[in-house]
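What follows is a short report on a single structure.
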Amino acid sequence: MESVDDFTKEELLETIELLKDENEKTVDELMEKLRSIEGEQFKTSISNRQMEGKIRELKGEINSFKKTPLILATVTEVFDDKQVGIQGAVGHEFLVTYPGSIKKESLVPGARVALNQKNLGVVRVFPPKKDRNVAAMEIDEKPETTYDDIGGLDPQITEVKETVELPIKNPEIFKEIGIDPPKGILLYGPPGTGKTLLAKAVANETNATFIKIVASEFVNKYLGEGSRIVRDVFELAKEKSPAIIFIDEIDAIGTKRVGSSEGADREVQRTLMQLLAELDGFESRGDVGIVAATNRPDILDEALLRPGRFDRAIAVPNPVKESRQKILEIHTAKMKIDEDIDFDEISEVTEGLSGADLKAVCTEAGMFAIRAERKQVIAKDFLDAIDKIMSDIKIS
Ligand SMILES: Nc1ncnc2c1ncn2[C@@H]1O[C@H](COP(=O)(O)OP(=O)(O)OP(=O)(O)O)[C@@H](O)[C@H]1O
């Protein structure tokens with residue numbers, strides 16, 4: 001084996017230079033490796049931290065699932081000694097207590113509360129839902145519908161003028177004669193025959209605010225809030241008078257009672273009771289007209305039809321031939337139609353259709369003309385539209 005002594009000085013210097021070069025390369029490589037390991041470690045620590053955050057979040061969710069849910073209810077009455085009457089979603093009423101941390105002033109009737117499931121003690125109070133009221137009512141300060149927009153209901157218009165319009169416009173006439181003006185009228189008839197139109201037109205004619213509620217929504221959408229909404233509607237009508245209160249689908253709360261007084265039925269009854277109380281307690285000065293509508297007069301509770309309540313019932317039937325012609329003329333007034341179209345003939349072949357169906361025929365005829373890229377609606381478009389609407393009705 002060669003020893004160091006065997007090398008010349010030049011050879012040794014050359015070897016040293018060579019070794020120096022090689023080591024530098026190895027150190028560079030090692031440094032590079034180190035940096036990449038550090039980079040990986042940094043990435044892992046970040047993703048660990050993210051995972052920890054996610055785990056904390058999931059733990060929170062698991063805990064919230066473990067908690068017993070609270071019950072939502074509405075305050076009906078506030079008593080002394082920390083007790084409050086509440087009503088649950090299905091109508092049951094309870095007398096429950098509330099802790100000192102809850103202020104008595106926040107527990108106004110209509111306020112929503114969360115209750116502990118075990119002892120029904122009040123845990124939280126939410127302010128009354130004013131916005132829910134607005135959602136439950138359709139308020140039109142100035143409806144644009146006029147009597148001229150209604151086809152073929154002349155006798156009904158006359159009766160509505162006498163019973164709703166006259167007391168608002170000339171209440172003194174009733175005073176002079178010494179009779180109370182009718183408080184409420186009931187419009188009954190099949191769907192889409194113009195009941196809402198009549199109520200809107202009378203509001204337009206008397207410059208009254210039109211306030212509409214749909215009674216069936218008290219049973220599905222606003223269960224537990226019906227009586228409060230009814231109370232608020234009457235209050236709002238007095239504030240905004242003259243006003244027309246229009247209660248659509250009144251049969252949903254005004255059906256003859258058939259014994260059951262449980263849960264939802266009981267709540268529906270409460271809403272009806274509130275409505276009867278409002279009607280009875282209502283000072284009929286004539287400036288608020290009440291119009292109710294139903295497709296099912298046969299199932300209505302007689303209590304609603306007693307004098308001083310909805311004591312005038314007006315039938316709004318499906319249109320006869322002449323009325324159908326008038327309705328078609330109203331709904332085609334702004335349409336570009338062929339002069340040769342004979343509405344007498346069209347009204348002949350539309351027997352059984354309601355005002356709403358006839359409006360749909362006109363719209364559909366317009367659609368056929370658009371599809372055919374025509375600038376005018378022709379008789380064939382109407383015939384096609386009638387076919388379509390009639391078969392839609394048969395299907396539904
Ligand atoms: N007699 C009519 N004259 C003109 N248009 C009518 C007539 N009846 C119904 N219509 C048309 O049908 C639409 C629906 O009618 P409206 O809402 O008045 O019916 P309704 O009797 O209140 O129905 P529902 O019982 O379903 O509430 C109206 O907006 C109108 O376009």
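When reading the values below, keep in mind they use all heavy atoms of this one structure, side chains included, and skip hydrogens, waters and symmetry mates. Residue numbers start at 1 and run along the sequence shown. Indexing begins at 1, ligand by ligand and atom by atom, following the structure's order.
Contacts with ligand 1 closer than 4.0 Å are made by no heavy atom of Ile330, backbone or side chain. With a 4.0 Å heavy-atom cut-off, ligand 1 is reached by the side chain of Lys359 but not by its N, CA, C or O. Of the heavy atoms in Lys326, none comes closer than 4.0 Å to ligand 1. Contact annotation for Ile327 and ligand 1: only side-chain heavy atoms (C-beta onward) come within less than 4.0 Å of the ligand.
Which parts of ligand 1 touch Asn295 is read off a 4.0 Å heavy-atom cut-off, strictly below it: atoms 25 (O). Each of the atoms 1 (N), 8 (N), 9 (C), 19 (O), 20 (P), 21 (O) of ligand 1 lies under 4.0 Å from some heavy atom of Thr193. Which parts of ligand 1 touch Ile150 is read off a 4.0 Å heavy-atom cut-off, strictly below it: atoms 1 (N), 3 (N). Heavy-atom contacts of Asp248 reach the following atoms of ligand 1: 27 (O) (cutoff under 4.0 Å).
Looking at Asp287 and Lys238, no side-chain N of the basic residue comes within less than 4.0 Å of a carboxylate O on the acidic one, giving no salt bridge. With respect to Lys59 and Glu52, no salt bridge is recorded, no charged nitrogen being found less than 4.0 Å from a carboxylate O.
Here Asp251 contributes atom CG and Leu304 contributes atom CG; the two are 10.0 Å apart, rounded to the nearest 0.5 Å. The distance from atom CD1 of Ile386 to atom SG of Cys362, rounded to the nearest 0.5 Å, is 9.0 Å.
Evaluated for a side chain to side chain contact (heavy atoms under 4.5 Å, CB included) with Thr332, the options Val377, Ile337, Ile327, Val361 yield exactly one hit, Ile337. Shown are Leu187, Val291, Ile290; of these, the side chain to side chain contact (heavy atoms under 4.5 Å, CB included) with Phe310 is made only by Ile290.
Between Gly192 and ligand 1, an N or O atom pair is found at a separation short of 3.5 Å. Any N or O atom pair closer than 3.5 Å counts here, and Pro191 shares no such pair with ligand 1. Residue-to-ligand polar distances keep Pro190 apart from ligand 1: every N/O pair is separated by 3.5 Å or more.
The protein non-hydrogen atom at the shortest distance from atom 7 (C) of ligand 1 is Leu197 CD1, 3.6 Å. Taking atom 14 (C) of ligand 1 as the reference point, the nearest protein heavy-atom neighbour is Ala356 CB, 4.0 Å. In terms of protein heavy atoms, atom 22 (O) of ligand 1 is closest to Thr196 OG1, 2.5 Å. Shortest contact from atom 10 (N) of ligand 1 to any protein heavy atom: Gly355 C, 3.6 Å.
Partners of Glu235 according to the side-chain hydrogen bond (donor to acceptor under 3.5 Å, both in side chains) rule, which considers only residues two or more places apart in sequence or in another chain, do not exist here. Remark: Lys240 engages Glu141 in a side-chain hydrogen bond (donor to acceptor under 3.5 Å, both in side chains) (not counting sequence neighbours).
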Salt bridge (charged side-chain N to carboxylate O under 4.0 Å, His left out) assessment of Glu302 paired with Arg309:
CA-CA 10 Å; Glu302 280 99 33; Arg309 292 173 178 168; over 6 Å; no
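Comparing His331, Lys212, Lys195 against atom 20 (P) of ligand 1, the shortest heavy-atom distance belongs to Lys195. Summarising the contacts of atom 16 (P) of ligand 1 with Gly151, Gly194, Gly189, Ala199, the nearest heavy atom is found in Gly194.
In terms of hydrophobic clustering, with Ile, Leu, Val, Met, Phe, Trp and Tyr side chains grouped at heavy-atom distances under 4.5 Å, Val230 and Val75 are assigned to different clusters.
Applying the 6.0 Å contact sphere to CD1 of Ile177 captures no more than 12 heavy atoms from other residues, nucleotides or ligands.
Taking the centre and axis of the six-membered ring of Phe368, the NZ or CZ atom of Lys388 falls outside the cone set by 45° and 6.0 Å.
Glu249 does not count as a contact of ligand 1, since none of its heavy atoms falls under 4.0 Å from the ligand. At least one heavy atom of Asp149 lies less than 4.0 angstrom from ligand 1.
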